[in-house]
Amino acid sequence: AWQALADGTVDLVVGLGDEPPAGFKGPIQAGPAYAHYKPVLIITEGPKAKSGDICEEPVLMTANPTAEAKVMEPEDVTDCEPRLSVSPELELESILESLDLKEARYAIVEDGRYKLWQPFFRGVREQQAMAEEIPYRWYWRLDKPEIMQAILGFWTDKDTHEKLKDLTE
């Protein structure tokens with residue numbers, strides 16, 4: 001999605017966090033946060049991980065600069081610094097498959113999407129929720145004034161807030 005935004009194939013993407021992925025090139029605007037999620041540490045079935053175990057193996061994670069920074073706060077996970085294995089190619093389903101097949105032991109994922117997929121991956125369970133929430137927001141291109149005006153109008157319209165409240169209930 002980010003590449004399509006950079007190429008001009010799309011004009012808007014929904015992104016997680018406070019900023020686009022590192023190295024993103026292009027004139028974009030970030031919209032306000034309209035929802036939040038909590039990252040959760042998930043592990044393969046088996047004994048509960050002890051503090052420090054998580055630093056022995058890579059922790060799978062999709063690319064998200066805000067989540068990466070928040071995960072590295074030691075009080076969330078452990079007393080050591082986790083070795084994150086971060087890639088834009090990693091998608092939630094492939095992360096869950098890797099854990100379910102015991103190709104990896106740990107991952108940090110979005111709680112809401114994990115709960116939807118969890119019944120299909122019986123060998124994976126939640127260990128711990130992170131303390132900080134990560135925002136969802138729109139990012140749009142700045143080189144199309146008519147689209148930019150429509151989006152800014154949407155976010156400043158007082159009815160938008162009511163519509164969003166209805167959608168998230």
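Just so it is clear, the model here is predicted, and its values are computed rather than measured.
The heavy-atom pair separating Ile108 from Pro39 by the smallest distance is CG2-CB, 3.8 Å. Listed here is the closest heavy atom pair of Met130 and Lys38: O-CD, 3.7 Å. For the residue pair Pro135 and Arg137, the shortest heavy atom distance occurs at CG-NH2, 3.5 Å. Here the closest non-hydrogen pair linking Arg125 and Thr44 is NE-O, 4.4 Å. Across all non-hydrogen atoms, the minimal contact from Arg122 to Pro119 is CG-O, 3.8 Å.
In this structure Lys115 satisfies the side-chain hydrogen bond (donor to acceptor under 3.5 Å, both in side chains) test with no other residue, sequence neighbours excluded. Residues that satisfy the side-chain hydrogen bond (donor to acceptor under 3.5 Å, both in side chains) test with Tyr139, not counting sequence neighbours, are absent from this structure. Listed by chain and residue number, Arg141 satisfy the side chain to side chain contact (heavy atoms under 4.5 Å, CB included) test with Asp143 (two or more places apart in sequence, or in another chain). Every residue two or more places apart in sequence or in another chain was checked for a side-chain hydrogen bond (donor to acceptor under 3.5 Å, both in side chains) with Gln29, and none qualifies. Under the rule for a side chain to side chain contact (heavy atoms under 4.5 Å, CB included), the partners of Leu12 that lie at least two apart in sequence or sit in another chain are Trp138, Trp140, Ile151. Looking at residues two or more places apart in sequence or on another chain, you find a ring pair (Phe, Tyr, Trp, His ring centres under 6.0 Å) between Tyr136 and Tyr37.
Leu99 and Leu101 fall into different hydrophobic clusters, where Ile, Leu, Val, Met, Phe, Trp and Tyr side chains are chained together by heavy-atom contacts under 4.5 Å.
If you run side chain to side chain contact (heavy atoms under 4.5 Å, CB included) between Leu96 and each of Ile42, Val109, Leu60, only Ile42 comes through.
Between Trp117 and Phe121, the two ring planes are tilted [angle within 30° to 60°].
Note that CD of Glu103 and OG of Ser94 are 10.0 Å apart. Values are rounded to the nearest 0.5 Å. Taking CD1 from Ile95 and CD from Glu93, the interatomic distance works out to 11.0 Å, rounded to the nearest 0.5 Å. Remark: Leu41 CG to Gln127 CD distance equals 5.5 Å, nearest 0.5 Å.
The shortest distance between side-chain heavy atoms of Ile28 and Trp2 falls below 4.5 Å.
Side-chain atoms of Gln118 come within 3.5 Å of backbone N or O of Val124 as a donor-acceptor pair.
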For Leu142 and Met148, what are the C-alpha separation, side-chain angles and deciding distance, and is it a side chain to side chain contact (heavy atoms under 4.5 Å, CB included)?
CA-CA 6 Å; Leu142 292 174; Met148 194 171 85; 3.2 Å; yes
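We find that Lys144 and Asp11 are joined by a salt bridge, their nearest charged nitrogen and carboxylate oxygen being less than 4.0 Å apart.
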